[in-house]
Amino acid sequence: GPRQVLIRGVRLTINAPSTGKDLERDLSRFETRSDDVYVVSFPKSGTTWVQEIVWQILNDGRISEERVESRYPFLEKSQLFDRPGDESDGQKVSVTSRPSPRLIKSHLPYHVIPMSKEESKRSKYIYVARNPKDVAVSFYHFVQSFDPGSYFNGTWEFFVKLFLEGKNSYGFWCDHVVPWWKHRDEPHVLFLTYEGLKKDLSGNVRLISEFLEKPLSDEVIRKITHQCTFAEMKKNSNSYVISAYATKPNLLRKGQIGDWKSLFSEELNKQFEETFLTKLHGTGLHFDTE
Ligand code: PPS
């Protein structure tokens with residue numbers, strides 16, 4: 001089951017195949033490639049959405065029949081290296097054995113994610129952030145979608161108390177988002193927001209295609225923009241599931257800005273403003289929470 005691990009000073013709760021020490025060691029010997037594309041986020045911030053956009057950009061607007069989770073290994077929950085014996089039955093499953101270009105999903109913080117110091121080996125990292133109020137609501141519904149008792153079956157009040165204390169899988173929300181934001185101008189990092197994607201999807205599709213050095217015609221940009229709206233992705237909802245936890249699709253729910261209002265009291269709103277949003281003052285990062 002999930003366990004707490006301390007990696008490079010960052011405390012995470014990870015349901016990984018290896019223990020904390022192994023994971024730290026594996027991550028440090030994991031070799032990134034210059035053509036890897038990482039889609040990174042604090043959970044429930046629009047990861048799947050960006051994963052789909054990136055996939056379609058790299059595939060000229062084609063929609064895949066494969067689930068998003070098989071197109072994108074989930075870095076910290078995957079086997080990173082082949083084990084002895086894996087080869088004998090032709091079953092190479094590790095991230096290392098994947099052919100290039102690899103697409104990888106991760107929720108790891110900036111200081112934990114594998115990133116080559118050598119310019120020539122440095123991969124591309126697309127980070128997506130979402131306002132913490134909607135993240136909390138989305139996260140709560142997500143954990144409710146698992147088998148009762150397998151992950152979390154407490155109340156919203158209890159869930160959100162832990163969230164405010166940073167006691168959830170990937171720690172305190174600000175500690176995740178702000179370091180990535182500070183590195184946003186590095187050439188191998190693209191920082192996006194969920195709210196920005198909602199506001200101008202086609203502009204963001206173009207931005208991502210330029211970042212990936214995969215120029216597309218206006219027509220293909222239009223096509224991808226249409227295919228990556230919430231309603232269109234929902235038509236394919238069987239592709240969007242994390243099967244290790246849930247048996248039914250659970251990565252597309254409402255797809256809106258401002259759903260926090262459905263669960264927040266005035267008091268809780270104040271707590272979120274104080275705990276998270278005022279901490280962004282001076283960073284230049286701003287969320288339109290509606
Ligand atoms: S995970 O488990 O961390 O990978 O989840 P993640 O994909 O980051 O977040 C899931 C939320 O993103 C919403 N989503 C979308 N919103 C708008 N448009 C599109 N196309 C889209 N695709 C996914 C999804 O509905 C979850 O948010 P909520 O608020 O729960 O609906």
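Bear in mind that the values here come from a model prediction, so they are computed numbers and not experimental data. We count ligands from 1, going down the list as the structure has it; atoms in each ligand are counted the same way. Numbers here are sequence positions counted from 1.
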So, [X] versus [Y]: side-chain donor-acceptor pair below 3.5 Å or not?
X: H183; Y: E186; value: yes
X: T32; Y: S116; value: no
X: N131; Y: T289; value: no
X: Y240; Y: E52; value: yes

Hey, looking at [atom], which of [options] has the closest heavy atom?
atom: atom 14 (N) of ligand 1; options: V137, V135, L252; value: L252
atom: atom 19 (C) of ligand 1; options: F74, W49, F142; value: W49
atom: atom 27 (O) of ligand 1; options: K105, Q256, R130, H141; value: R130

Geometric class of the F142/F139 ring pair [parallel <30°, tilted 30-60°, perpendicular >60°]
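The rings of F139 and F142 sit tilted, inter-plane angle from 30° to 60°.
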Aromatic plane relationship, F272 with F163 - under 30° parallel, 30 to 60° tilted, over 60° perpendicular
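Rings of F163 and F272: parallel, under 30°.
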When the ring centroid of F191 is compared with that of W181, is the distance short of 6.0 Å?
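Between W181 and F191, which both carry aromatic rings, the centre distance is below 6.0 Å.
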Under 4.0 Å from ligand 1, counting heavy atoms only, is it the side chain of S45, its backbone, both or neither?
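Within the 4.0 Å criterion, S45 contacts ligand 1 through backbone atoms alone.
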Below a 4.0 angstrom heavy-atom separation, can you tell me which part of S41, side chain or backbone, both or neither, approaches ligand 1?
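Neither; no heavy atom under 4.0 Å.
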Would you be so kind as to tabulate the donor-acceptor pairs closer than 3.5 Å made by side chains of residues 172-179, with sequence neighbours excluded?
residue	atom	partner	partner atom	Å
H176	ND1	Y127	OH	2.8
H176	NE2	H107	O	2.7

Could you list the atoms of ligand 1 found under 4.0 angstrom from a heavy atom of [X]?
X: T47; value: 1 (S), 3 (O), 4 (O), 6 (P), 7 (O), 8 (O)
X: G46; value: 6 (P), 8 (O), 9 (O)
X: C228; value: 20 (N)
X: M233; value: 20 (N), 22 (N)
X: F230; value: 15 (C), 16 (N), 17 (C), 18 (N), 19 (C), 20 (N), 21 (C), 25 (O)
X: P43; value: 3 (O)

Going by heavy atoms, is [X] under 4.0 Å from ligand 1?
X: K44; result: yes
X: T229; result: yes
X: L251; result: yes
X: H107; result: yes
X: Y194; result: yes

Is any side-chain heavy atom of K124 less than 4.5 Å from a side-chain heavy atom of Y38?
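No, side chains not in contact.
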Measure the shortest side-chain to side-chain distance between F42 and V128 over non-hydrogen atoms and say whether it is less than 4.5 angstrom.
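Not in contact.
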Enclosure of K261 NZ (heavy-atom neighbours >12, cutoff 6.0 Å)
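Yes - once you tally the heavy atoms of other residues, nucleotides and ligands closer than 6.0 Å, there are more than 12.
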salt_bridge(K235, E232) N-O dist < 4.0 Å
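Salt bridge present between K235 and E232.
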When you measure from [atom] to every protein heavy atom, which one gives the shortest distance, and what is it?
atom: atom 25 (O) of ligand 1; value: R253 N, 2.9 Å
atom: atom 26 (C) of ligand 1; value: S138 OG, 3.6 Å
atom: atom 7 (O) of ligand 1; value: T48 OG1, 2.5 Å

